[in-house]
Amino acid sequence: MSQDDSIRTEGQGAPADHHPTPMLDELESGPWPSFVSGLKRLRDNADAQYAPMMNDLLGQLEHSYEERLGFWKGGTVSVFGYGGGVIPRFSEVADKYPASKEFHTLRVQPPAGMHYDTNVLRQLCDIWEKHGSGLIAFHGQSGDIMFQGCSSENVQPAFDELNEIGFDLGGAGPALRTSMSCVGHARCEMSCYDEVKAHRSVINEFLDEMHRPALPYKFKFKFSGCGNDCVNAIHRADFAVIGTWRDDMKVNQDEVKAYVGRVGRKYAIDHVIAMCPTRALSLNDDDTLDVDNKSCVRCMHCLNVMNKALAPGDDKGASILVGGKRALKVGDLMGTMLIPFVKLESDEDYENLVALARRMLDFFADNALEHERIGETIDRIGLPMFLEAMEIEPDPNMVNHPRTSCYVRTDDFTDEAEKYFERKAREAGLDVAAD
Amino acid sequence: MSSAPTLRRPDETGVPDPFQYMHPVMKKNYGNWAWHDRPRPGVLHHVAKSGDEIWTVRAGTQRQMDIFTIRKLCDIGDKFAEGHVRFTTRSNIEFMVSNQAKVQPLIDALNAEGFPIGGTGNSVSMISHTQGWLHCDIPGTDASGVVKSLMDMMHQEFIKEEMPNRVRITTSCCQINCGGQGDISINVQYTKPPKINHDLVAKVCERPAVVARCPVAAIRPALVDGKPSLEVDEQKCVCCGACYPPCPPMQINGADSTKIAVWVGGKHSNARSKPTFHKLVVANLPNNPPRWPEVEEVVHKILYAYKDNAKNWERLGEWIERIGWPRFFELTGFAFTKHHLDTWVGARKTMNMSAHVHF
Ligand code: HEM
Ligand code: SF4
Ligand code: SF4
Ligand code: SF4
Ligand code: SF4
């Protein structure tokens with residue numbers, strides 16, 4: 001049975017004047033679940049308050065398909081006490097489609113790791129049945145649950161009910177944005193820190209920045225438990241927390257042998273050993289594995305392929321990368337390494353993470369130009385100045401290679417080198433003359 | 001006279017605590033998982049250090065879901081799973097069960113309701129996408145419609161794990177690219193400078209802010225018919241659309257000039273090679289609803305050239321790195337033009353600074 005037939009019976013008659021949608025109808029065929037069938041189910045639920053709205057929404061969408069143009073414009077809508085979190089949409093063709101003339105979205109923060117139970121999903125549906133369009137996206141690309149389609153009048157009551165069952169608005173505008181964390185500790189053996197704790201500790205500390213937009217531009221945090229970066233922190237977060245470890249990876253040699261036995265030596269050599277980006281691996285004659293941990297960059301490839309045999313080490317934590325964003329205005333920026341390793345174990349470690357986040361947000365608020373992402377600020381002022389503001393020392397892990405341009409003043413090179421050796425000595429637990 | 005209604009102050013609760021919703025086996029073994037395997041496409045089997053096991057069944061959804069669909073998924077979750085679900089970043093839903101015997105009935109129930117099972121391992125997962133005509137205020141195309149068409153075409157690749165490595169596809173309905181980077185990215189590309197409605201500019205736009213927004217300084221304040229407005233140096237304009245959000249009278253969308261471009265080789269995982277941005281393959285494809293057949297054809301060609309030619313574990317971009325771009329264009333049959341040569345900041349770094357050539 002197709003999905004469409006089984007659910008369509010829920011609603012009875014369509015609004016009498018329902019708009020013809022010949023183009024959208026074509027998106028009901030094919031094996032993938034159809035959002036158009038979903039919109040029609042809402043339109044056809046004649047008793048529901050949203051049925052006329054969804055009829056006109058379908059009409060406007062069909063109109064977009066015909067004209068190859070969009071017909072929404074923004075505006076201002078918010079809830080009491082907050083400045084952001086609602087994306088206002090007013091129709092430019094409301095004369096033809098009056099019932100969907102207001103079709104606002106509430107961005108709502110999901111539970112860390114996007115866990116739900118059916119009970120809470122039903123509550124969310126009931127609230128949106130009563131006040132909204134009945135259309136919900138799990139989730140937007142910043143992680144929000146997007147409750148799409150609400151009249152201006154219903155925004156406040158919808159938010160109040162969502163808020164009463166423990167949900168809060170997310171970010172929009174020049175503000176701290178909603179965040180995302182991977183499934184990590186909840187179900188993934190690769191996870192190197194407690195993503196839920198990091199996500200909730202950081203974001204919940206700065207809710208004022210989310211709810212009352214006052215930053216130069218958007219600021220996004222994202223939390224991935226390892227270098228596989230399942231929530232795409234590196235491209236899309238101003239502040240990416242990516243799990244890693246410092247000591248040796250764990251090798252279960254019996255499982256290595258079992259793996260090689262299963263796939264064959266050639267396959268194991270071609271697909272594990274030869275694909276290590278730093279040539280850190282070697283297969284011994286007895287089918288055990290040699291790992292040169294000093295060369296390993298924790299890329300995750302060999303752990304992904306032989307996940308029963310290999311595991312992250314014990315000294316776990318995270319790398320912090322900064323400045324990822326898309327094109328506007330200087331071009332794409334990839335998050336770049338700022339802190340190769342922070343320990344994330346004790347409560348104090350998580351407090352330190354929050355403190356670093358605070359330093360960065362304060363710096364961003366004070367120094368970024370309007371409409372400038374932090375990656376662009378760093379490019380503008382140069383990484384050394386940013387490091388000084390963040391009280392972070394330069395580290396060779398921050399670069400692919402040292403500078404190639406000779407246009408630089410180096411008259412304090414010797415002093416800087418001295419500081420470096422003192423820092424190294426301190427890290428090694430030695431007494432330093434300057435102390 | 002009625003007094004103003006008292007407004008409820010929000011509880012600034014922030015990120016909800018997920019432990020109240022999490023499957024008990026996941027809660028119990030939080031941070032203590034040992035390994036996993038995939039008994040079949042769409043099913044993950046995780047084993048904890050304690051020996052506890054959990055099976056996850058992953059199903060595709062249409063992302064923009066009506067409440068009937070969500071309630072249907074909840075009914076299935078109550079009857080055939082254990083009442084706990086989570087969503088992936090690509091809008092797949094995952095049902096967790098603590099007993100292997102529940103896996104097949106759960107799959108059968110989801111399939112019977114039209115939800116495909118897959119998206120794990122080396123498959124083509126659901127496309128991460130944006131809002132489009134359904135909701136955004138600057139969209140050049142639809143997002144849900146493009147995605148529906150492409151997922152219909154790639155349905156078999158979602159329910160199987162037959163790709164060399166995972167394939168992550170994104171769509172974006174304007175150059176802001178909210179959909180993000182992907183192995184294959186299908187993005188709107190404007191092809192004409194904005195058309196300015198001079199009657200509205202002074203009323204609607206903060207002119208200095210608009211001037212500042214342009215990445216190539218192509219916008220200048222101007223007097224048009226005696227009214228303060230803006231003008232665009234069309235030689236300079238790169239048709240990025242950045243002036244449109246702060247100044248809607250600078251219309252960037254045009255029914256005939258809004259086109260679609262396809263990009264390849266974006267990757268966020270650090271596995272093997274470092275993360276990469278996607279690169280242009282084809283531009284100027286027609287924005288052709290409701291099924292976008294030209295886009296579908298291009299994506300199909302790229303996907304199957306990759307499937308047929310890449311080695312196991314090579315991501316799309318890594319495969320091209322190995323075989324070289326000349327071979328990629330040869331295998332897919334697309335044209336290589338002057339528009340493939342980067343002209344933006346740092347463009348020289350994208351050139352071949354060696355005598356390495358592929359023939
Ligand atoms: C008119 C303005 C815009 C609208 C309506 C819009 C809409 C959206 C939506 C609906 C999302 C998903 C949100 C969520 O998951 O909560 C999103 C994400 C995103 N937007 Fe926009 N956007 C706009 C402007 C911009 C601009 C100006 C940029 C950058 C220059 C931008 C870059 C992004 C990026 C990179 C994401 C993905 C973020 C992530 O994955 O975390 N957007 N946008
Ligand atoms: S990012 Fe790493 S830890 Fe997180 S879910 Fe993905 S593989 Fe697991
Ligand atoms: S994690 Fe990556 S770098 Fe390290 S040994 Fe494995 S394949 Fe090599
Ligand atoms: S990509 Fe552009 S059109 Fe699409 S949702 Fe983002 S801002 Fe809107
Ligand atoms: S479209 Fe982009 S380049 Fe052209 S005028 Fe507008 S902001 Fe400038």
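Labels below follow one simple rule: chain letters A, B, ... track the order of the sequence lines, proteins then strands, and each chain is numbered from 1. Any value given below was found using the heavy atoms of this structure, including those in side chains, with hydrogens, waters and symmetry copies removed.
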Would you kindly say whether A:Arg68 and B:Asn287 are connected by a side-chain donor-acceptor distance under 3.5 Å? no
Comparing A:Ala112, A:Gly184, A:Gly70, A:Gly74 against chain B, the one with the most heavy-atom pairs below 4.5 Å turns out to be A:Ala112
Donor-acceptor pair, distance only, cut-off 3.5 Å: does the side chain of B:His155 make one with the backbone of A:Pro31? no
Proximal component of A:Ile234, with respect to chain B [non-hydrogen, under 4.5 Å]: side chain
Looking at every heavy atom in both A:Trp72 and B:Leu134, which two are closest together, and how far apart are they? NE1-O, 3.3 Å
Hey, does the side chain of B:Asp152 reach the backbone of A:Trp32 with a donor-acceptor pair shorter than 3.5 angstrom? yes
Centroid separation under 6.0 Å, is that true for the rings of A:His235 and B:Phe277? yes
When A:Phe71, A:Tyr193, A:Tyr116 are compared by non-hydrogen pairs under 4.5 Å with chain B, the top option: A:Tyr116
Look at the rings of B:Tyr21 and A:Phe167 and say which category their plane angle falls in: under 30° parallel, 30 to 60° tilted, over 60° perpendicular. parallel
Do B:Thr13 and A:Asn163 come within less than 4.5 Å of each other through their side chains, counting heavy atoms only? yes
Minimum-distance pair of heavy atoms, taken over all atoms of A:Ser34 and B:Lys148: CB-CE, 3.8 Å
Can you tell whether the side chains of A:Lys40 and B:Asp66 come within less than 4.0 Å, N to carboxylate O? no
Given that the side chain runs from C-beta out, which part of B:Asp11 has a heavy atom under 4.5 Å from chain A: side chain, backbone, both or neither? both
Does any heavy atom of chain A fall under 4.5 Å from the side chain of B:His129, the backbone, both, or neither of them? backbone
Please classify the contact of A:Leu57 with chain B as side chain, backbone, both or neither, using a heavy-atom distance under 4.5 Å. side chain
Student check: side-chain heavy atoms of B:Arg71 and A:Glu129 closer than 4.5 Å: yes
Taking all non-hydrogen atoms of both residues into account, name the closest pair between A:Pro33 and B:Gly114 and its distance. CG-O, 3.8 Å
Search all heavy atoms of B:Cys74 against all heavy atoms of A:Leu121 and return the closest pair with its distance. SG-CB, 3.6 Å
Chain B contacts, top residue of A:His199, A:Lys73, A:Glu67 (heavy-atom pairs, under 4.5 Å): A:His199
Is a salt bridge present between A:Asp229 and B:Lys267, judged by a nitrogen-to-oxygen distance below 4.0 Å? no
Checking B:Glu12 against A:Asn204 for the side-chain contact (heavy atoms from CB on, under 4.5 Å) test, could you report, in this order, the C-alpha distance in whole Å, the side-chain angles of both residues, the deciding distance, and whether it holds? CA-CA 9 Å; B:Glu12 297 197 41; A:Asn204 289 350; over 6 Å; no
Are the side chains of B:Glu314 and A:Met275 in contact, using a 4.5 Å heavy-atom criterion? yes
Under the side chain to side chain contact (heavy atoms under 4.5 Å, CB included) rule, collect the residues that match up with B:Val204, sequence neighbours excluded. B:Leu200, B:Pro248, B:Pro249
May I ask you to test the B:Lys274-A:Met334 pair for a side-chain heavy-atom distance under 4.5 Å? no
Which atoms of B:Arg272 are under 4.5 Å from chain A, going by heavy atoms: the side chain, the backbone, both sets, or neither? both
Heavy-atom distance under 4.5 Å to chain A: side chain of B:Gln20, backbone, both or neither? backbone
Can you find a heavy atom in the side chain of A:Gln141 that is under 4.5 Å from one in the side chain of B:Cys178? no
Just say parallel, tilted or perpendicular for the rings of B:Phe87 and A:Phe138, cut-offs at 30° and 60°. parallel
With a 4.5 angstrom heavy-atom cut-off, is it the side chain or the backbone of A:Cys302 that approaches chain B, or both, or neither? neither
Minimum heavy-atom separation for A:Leu69 and B:Ala255, please, with both atom names. CD2-N, 4.0 Å
Here the pair of heavy atoms bringing B:Arg291 nearest to A:Ser29 is NH2-O, 3.1 Å
Check each atom of A:Val79 against the heavy atoms of chain B and say whether the ones under 4.5 Å are side chain, backbone, both or neither. neither
Segment of A:Asp126 engaging chain B (4.5 angstrom heavy-atom cut-off): both
Any heavy-atom pair between the side chains of A:Arg326 and B:Gln181 that's under 4.5 Å? yes
Would you say the side chain of A:Tyr50 lies within less than 4.5 Å of the side chain of B:Ile67, judging by non-hydrogen atoms? yes
Pick whichever of A:Trp128, A:Phe159, A:Tyr267 has the most heavy-atom pairs under 4.5 Å with chain B. A:Tyr267
Chain B contacts, top residue of A:Ala186, A:Cys182, A:Cys276 (heavy-atom pairs, under 4.5 Å): A:Ala186
By a 4.5 Å heavy-atom criterion (distance strictly below it), what part of B:His84 contacts chain A: side chain, backbone, both, or neither? both
Tell me if the centroids of the rings in A:His185 and B:Tyr30 come within less than 6.0 Å of each other. yes
Part of B:Thr61 lying under 4.5 Å from any heavy atom of chain A: backbone
Flag the pair B:Pro18 / A:Arg200 as yes when at least one side-chain heavy-atom distance between them is below 4.5 Å, and no otherwise. yes
Taking the six-membered ring for Trp, are B:Trp292 and A:Tyr65 ring centroids under 6.0 Å apart? yes
For chain B, the option from A:Leu369, A:Leu24, A:Val196 that forms the most heavy-atom pairs under 4.5 Å: A:Val196
Taken in chain and number order and not counting sequence neighbours, the residues that satisfy side chain to side chain contact (heavy atoms under 4.5 Å, CB included) with B:Pro208 are none
Decide whether A:Asn232 and B:Arg168 meet the rule of one side-chain donor and one side-chain acceptor closer than 3.5 Å. no
